[in-house]
K.L.:
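Just dropping this structure here.
No hydrogens, no waters, no symmetry mates; every other heavy atom, side chains included, goes into these values.
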Amino acid sequence: MNKIILIGNLTRDPESSSTQGGVNFTRFNIAVNRPFTNANGERVADYFDVICWRQLAERCAKYLFKGSKVGINGSVQRRQYEDRDGIKRTSFDVVADEVEFLTPRSNTTGREGSQGGYVPEEPHPISDMQPVDNDDLPF
């Protein structure tokens with residue numbers, strides 16, 4: 001099973017492009033803090049290259065920016081390529097199946113509008129919810 005779940009912050013703005021066949025994709029990098037500090041008391045982070053495709057790529061390109069906190073659900077993919085000097089290289093990318101935007105609306109300073117960034121849909125007020133009949137609960 002190839003499954004990865006990460007929560008981290010973008011280290012730079014996302015970069016979008018499309019394949020020769022016209023399929024949109026967006027790349028970005030996230031820093032994920034380890035749950036401990038090193039011997040000097042400094043926080044340690046790991047960095048992951050993330051790629052997403054099609055509509056997810058369009059949403060990420062539009063609403064994410066450097067510093068955004070995201071939750072990523074996806075898989076790890078190995079990629080081999082030749083660098084500019086002709087040396088064969090291998091890298092690992094996280095292919096995102098789902099990206100959850102975790103930056104609170106009040107903390108966004110993105111590219112769009114005064115608040116910018118992702119503006120989540122307002123939740124339904126509690127009064128719109130149907131009451132739960134306790135007799136129907138299985139416990």
Side-chain angles (χ1 to χ4, degrees):
M1 179 181 299
N2 183 353
K3 194 76 162 163
I4 188 167
I5 299 171
L6 300 167
I7 296 176
N9 295 82
L10 272 71
T11 61
R12 61 182 179 270
D13 287 339
E15 297 173 2
S16 295
S17 190
S18 59
T19 65
Q20 291 179 350
V23 179
N24 295 330
F25 66 93
T26 297
R27 289 185 172 279
F28 52 91
N29 185 274
I30 63 170
V32 178
N33 287 328
R34 291 187 182 179
F36 57 85
T37 57
N38 64 15
N40 297 328
E42 299 165 332
R43 197 73 158 160
V44 179
D46 293 302
Y47 298 88
F48 296 89
D49 291 319
V50 179
I51 185 168
C52 45
W53 295 91
R54 298 175 180 78
Q55 290 85 7
L56 180 58
E58 292 171 12
R59 287 192 304 273
C60 287
K62 183 174 181 180
Y63 296 115
L64 295 179
F65 50 91
K66 180 180 179 179
S68 296
K69 182 178 280 297
V70 293
I72 306 288
N73 185 355
S75 60
V76 177
Q77 179 179 349
R78 188 177 110 188
R79 181 170 49 106
Q80 294 182 313
Y81 63 97
E82 235 178 73
D83 69 10
R84 292 179 183 157
D85 299 325
I87 299 171
K88 291 185 180 183
R89 303 277 185 183
T90 300
S91 69
F92 293 88
D93 296 324
V94 174
V95 179
D97 296 325
E98 298 174 84
V99 176
E100 186 162 340
F101 305 146
L102 301 175
T103 299
R105 181 175 18 179
S106 61
N107 292 346
T108 59
T109 57
R111 300 177 298 256
E112 299 192 10
S114 60
Q115 288 188 341
Y118 172 65
V119 180
E121 184 177 312
E122 290 293 324
H124 296 290
I126 293 177
S127 61
D128 285 353
M129 297 175 65
Q130 297 295 322
V132 176
D133 184 0
N134 290 335
D135 294 334
D136 290 340
L137 296 176
F139 51 91

K.L.:
Does anything in residues 70-95 pair up under ring-ring contact (aromatic ring centres under 6.0 Å, His included), and if so which pairs, sequence neighbours excluded?
P.N.:
none

K.L.:
Are Phe101 and Val50 connected into the same hydrophobic cluster when the rule is that any two of I, L, V, M, F, W, Y join if their side-chain heavy atoms are below 4.5 Å apart?
P.N.:
yes

K.L.:
Taking side-chain hydrogen bond (donor to acceptor under 3.5 Å, both in side chains) as the definition, give me every residue that meets it alongside Ser16, ordered by chain and number, with sequence neighbours left out.
P.N.:
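With neighbours one apart ignored, the set is Thr26.
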
K.L.:
Name the residue from Gln77, Arg79, Arg78 that meets the side-chain hydrogen bond (donor to acceptor under 3.5 Å, both in side chains) definition with Ser91.
P.N.:
Arg79

K.L.:
For a quick test of reading the model, state the closest non-hydrogen atom pair linking Val76 to Asn2 and the distance between them.
P.N.:
O-ND2, 2.7 Å

K.L.:
Does any pair with a residue in residues 17-31 pass salt bridge (Lys or Arg N to Asp or Glu O under 4.0 Å), and if so which ones, sequence neighbours excluded?
P.N.:
Arg27-Asp93

K.L.:
Could you tell me whether the side chain of Thr19 reaches within less than 4.5 Å of the side chain of Phe25, counting heavy atoms only?
P.N.:
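They are in side-chain contact.
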
K.L.:
Checking Asn9 side chain against Gly67 main chain: does a donor-acceptor pair fall under 3.5 Å?
P.N.:
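Side chain of Asn9 to backbone of Gly67: a pair is present.
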
K.L.:
Which residues pass the side-chain hydrogen bond (donor to acceptor under 3.5 Å, both in side chains) test with Glu58, not counting sequence neighbours?
P.N.:
Asn24

K.L.:
Looking at residues at least two apart in the chain, or sitting in another chain, which of them share a side-chain contact (heavy atoms from CB on, under 4.5 Å) with Ile87?
P.N.:
Asp83, Asp85, Arg89

K.L.:
Checking Asn40 now: which residues fulfil side-chain hydrogen bond (donor to acceptor under 3.5 Å, both in side chains) with it, not counting sequence neighbours?
P.N.:
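With sequence neighbours excluded, Asn40 shows a side-chain hydrogen bond (donor to acceptor under 3.5 Å, both in side chains) to no residue whatsoever.
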
K.L.:
Through direct or indirect side-chain contacts below 4.5 angstrom among Ile, Leu, Val, Met, Phe, Trp and Tyr, which residues connect to Tyr47?
P.N.:
none

K.L.:
If we only count heavy atoms from C-beta on, is the Arg59 to Leu64 side-chain gap below 4.5 Å?
P.N.:
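No. Closest side-chain heavy atoms not under 4.5 Å.
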
K.L.:
Can you tell me which residue pairs pass the side-chain hydrogen bond (donor to acceptor under 3.5 Å, both in side chains) test with a partner in residues 48-57, sequence neighbours excluded?
P.N.:
Asn29-Asp49

K.L.:
Using side-chain contact (heavy atoms from CB on, under 4.5 Å) as the criterion, list what pairs up with Leu6, not counting sequence neighbours.
P.N.:
Ile4, Ile30, Val32, Phe48, Ile72, Val94

K.L.:
Looking at every heavy atom in both Pro14 and Phe28, which two are closest together, and how far apart are they?
P.N.:
CA-CB, 4.0 Å

K.L.:
Closest heavy-atom contact between Thr103 and Lys69?
P.N.:
OG1-N, 2.6 Å

K.L.:
By the salt bridge (Lys or Arg N to Asp or Glu O under 4.0 Å) test, which pairs, at least two apart or in different chains, include something from residues 31-40?
P.N.:
Arg34-Asp46

K.L.:
Apply side-chain hydrogen bond (donor to acceptor under 3.5 Å, both in side chains) to Lys88 and list each qualifying residue two or more places apart in sequence or on a separate chain.
P.N.:
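So Lys88 forms no side-chain hydrogen bond (donor to acceptor under 3.5 Å, both in side chains) with any residue.
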
K.L.:
Restricting to side-chain contact (heavy atoms from CB on, under 4.5 Å), what partner residues turn up for Arg84, sequence neighbours left out?
P.N.:
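None.
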
